[in-house]
Amino acid sequence: MKPYDYLIVGSGLYGATFAYRATQAGKKCLVIDKRPHLGGNIYCENINGINVHKYGAHIFHTSDKEVWDFVNSIVEFNRYTNCPVANYKGQLYNLPFNMNTFYQMWGITTPQEAQRKIEEQRQEAIVDMRTAGISEPRNLEEQAICLIGKDIYEKLIKGYTEKQWGRKCTDLPAFIIKRLPVRFVYDNNYFNDKYQGIPIGGYNKLINGLLKGIETQLSTDFFNDREHWEKIAKKIVFTGKIDEFYDYRYGKLEYRTVRFEEEMYDCPNYQGNAVINYTEREVPYTRIIEHKHFEMFGPEVENNRKTIISKEYSTEWKEGLEPYYPVNDEKNNSLYQRYKELANTEENIIFGGRLAEYKYYDMAPIIRKVLNYNNL
């Protein structure tokens, strides 16, 4: 008789939500995680009263009321609205691309002027391509300029994208940018979703609420004693790397990863915004996160006389580093499909999440995916 209904490998949002729902359905679960903390990449560390997003900024957003009500049933969310700013050579531009951006870029004030300016630059790019005998964009650079024009591309897309991917935009495939959202209104809210916020008290409150009363083991690597772990539960929910699960039999999938440099300052407010992107190629980091602005507003910011920032550096993944972003190019997607065919033959193993499905997920779709799972 196996002591558990589910062994859940990984305590990130997919694993924790699955454990919660399975437990609600009367199942006995054990959650293991190789890290010394719960929560996967949404883990926060409280430093000097500030919840620091240790694995990068996480902003919950959704238009799915059931998902929003579900997470708020675990912990109340605040009113944080994501309004990032781009810094290009000391000049500041609002994101996403909207009328504030166009005023900062060109000094224009009406939607009609902005539309004309963008269309002029788009048409110039298309004419230049056709003159060169090119019928369709061959790479990300050509695609982006055809969508938005050269000014926005060169100042706000090119350098940031090359740092993010570690490759020149002319070497990146065009399909990475299928569309660029443009708003002809003065609206700096990055997301279009109806609901948006951060758990009051940080994401650990959400994870701890989901896993309340559920047995967990930290600093426990499934692969260090795989034979043991495969025997203790009727089913396994695996949220790690799918290629590792199959011992890399077809080869290794590729990822991008992120390195963080944390700094504390003896001032209440370092940059005035939670997220500032640095879009010029010469600045080595992609963005600076000032964590207190996720949860402290108005006078609260000044009440805490210290602040903590994280500089983010994008780099190639290698063994020993944390895999973050799947490299969903043709080669890697083809390799993943071979692993997925193996996964489809498994009767007692559920693969879920960013690493197991080799797919970038926002948080809300992860929860929706678990809520949709009916075969508990």
Side-chain angles (χ1 to χ4, degrees), residues 57 59 61 63 79-129 137 140-164 169 174 176-198 269-294 296-298 301 307 309 311-312:
I59 298 131
H61 59 97
S63 291
R79 62 165 182 82
Y80 175 79
T81 301
N82 190 30
C83 298
V85 172
N87 183 317
Y88 178 78
K89 297 186 176 181
Q91 297 294 311
L92 300 181
Y93 300 90
N94 289 108
L95 298 174
F97 309 139
N98 70 79
M99 286 304 301
N100 289 306
T101 321
F102 308 142
Y103 175 75
Q104 293 151 351
M105 184 75 65
W106 300 308
I108 58 182
T109 58
T110 68
Q112 292 76 21
E113 290 174 297
Q115 288 168 338
R116 278 198 300 269
K117 188 72 174 178
I118 291 171
E119 190 58 27
E120 282 173 13
Q121 294 199 357
R122 287 185 66 250
Q123 291 305 319
E124 284 176 19
I126 291 168
V127 168
D128 288 346
M129 278 177 47
L140 186 147
E141 177 165 292
E142 292 174 352
Q143 174 80 341
I145 295 174
C146 286
L147 288 171
I148 201 70
K150 65 178 182 179
D151 289 350
I152 291 175
Y153 167 72
E154 289 178 355
K155 290 184 178 181
L156 302 183
I157 297 173
K158 179 179 170 67
Y160 188 89
T161 303
E162 290 184 348
K163 287 187 288 187
Q164 193 82 353
C169 286
I176 290 178
I177 294 183
K178 295 178 180 176
R179 56 184 290 273
L180 286 168
V182 174
R183 298 179 186 164
F184 295 101
V185 292
Y186 291 90
D187 180 7
N188 298 324
N189 181 357
Y190 195 80
F191 301 118
N192 288 315
D193 289 306
K194 187 174 182 179
Y195 309 107
Q196 182 176 176
I198 306 284
N269 193 354
Y270 177 83
Q271 65 183 17
N273 203 47
V275 182
I276 296 186
N277 294 354
Y278 285 78
T279 60
E280 61 190 281
R281 186 67 182 87
E282 292 71 24
V283 175
Y285 41 86
T286 55
R287 61 183 183 171
I288 295 179
I289 306 301
E290 188 171 8
H291 299 270
K292 73 189 309 182
H293 294 300
F294 290 127
M296 298 180 188
F297 311 101
V301 174
T307 194
I309 68 164
K311 294 177 178 176
E312 297 188 11

Taking every non-hydrogen atom, the tightest pair across [X] and [Y]:
| X | Y | value |
| --- | --- | --- |
| Y278 | Y160 | O-CD1, 4.0 Å |
| M105 | L156 | CE-CD1, 3.9 Å |
| C146 | P137 | SG-CG, 4.3 Å |
| E312 | I289 | OE2-CG1, 3.4 Å |
| N100 | D187 | ND2-N, 4.1 Å |
| N277 | V275 | OD1-CG1, 3.7 Å |

Side chain of [X], backbone of [Y]: donor and acceptor closer than 3.5 Å?
| X | Y | result |
| --- | --- | --- |
| N273 | C83 | yes |
| R287 | I276 | no |
| T307 | N269 | no |
| E113 | I108 | no |
| Q143 | I177 | yes |
| K163 | E280 | yes |
| T279 | G159 | no |

So do the side chains of [X] and [Y] get within less than 4.5 Å of each other, counting heavy atoms only?
| X | Y | answer |
| --- | --- | --- |
| I145 | M129 | no |
| I59 | I198 | yes |
| Y285 | V283 | yes |
| I152 | W106 | yes |
| F102 | D151 | no |

Tell me if the [atom1] atom of [X] is crowded by more than 12 foreign heavy atoms within 6.0 Å.
| X | atom1 | answer |
| --- | --- | --- |
| F97 | CZ | yes |
| Y103 | OH | no |
| K311 | NZ | yes |

**Message:** Taking R116 first and then E119, would you say they form a salt bridge - that is, a charged N and a carboxylate O separated by under 4.0 Å?
**Reply:**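 Salt bridge flag = no for E119 with R116.
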**Message:** Looking at E162 and K158, is there a salt bridge between them, counting it only when a charged N and a carboxylate O are closer than 4.0 Å?
**Reply:**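 Between E162 and K158 there is a salt bridge, with a charged N closer than 4.0 Å to a carboxylate O.
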**Residues forming a salt bridge (charged side-chain N to carboxylate O under 4.0 Å, His left out) with E124, sequence neighbours excluded** =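 Listed in chain order: nothing, the list is empty.
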Assess, by modelled atom type and distance only, whether the side chains of [X] and [Y] contain a donor and an acceptor separated by less than 3.5 Å.
| X | Y | answer |
| --- | --- | --- |
| N82 | Q196 | no |
| T101 | N94 | no |
| N192 | H61 | no |
| N189 | R183 | no |

As an exercise, state the distance from [atom1] of [X] to [atom2] of [Y], rounded to the nearest 0.5 Å.
| X | Y | atom1 | atom2 | value |
| --- | --- | --- | --- | --- |
| T110 | F184 | OG1 | CZ | 10.5 Å |
| I309 | H291 | CD1 | NE2 | 8.5 Å |
| M99 | Q104 | CE | CD | 10.5 Å |
| K155 | K89 | NZ | NZ | 9.0 Å |
| Y153 | L180 | OH | CG | 11.0 Å |

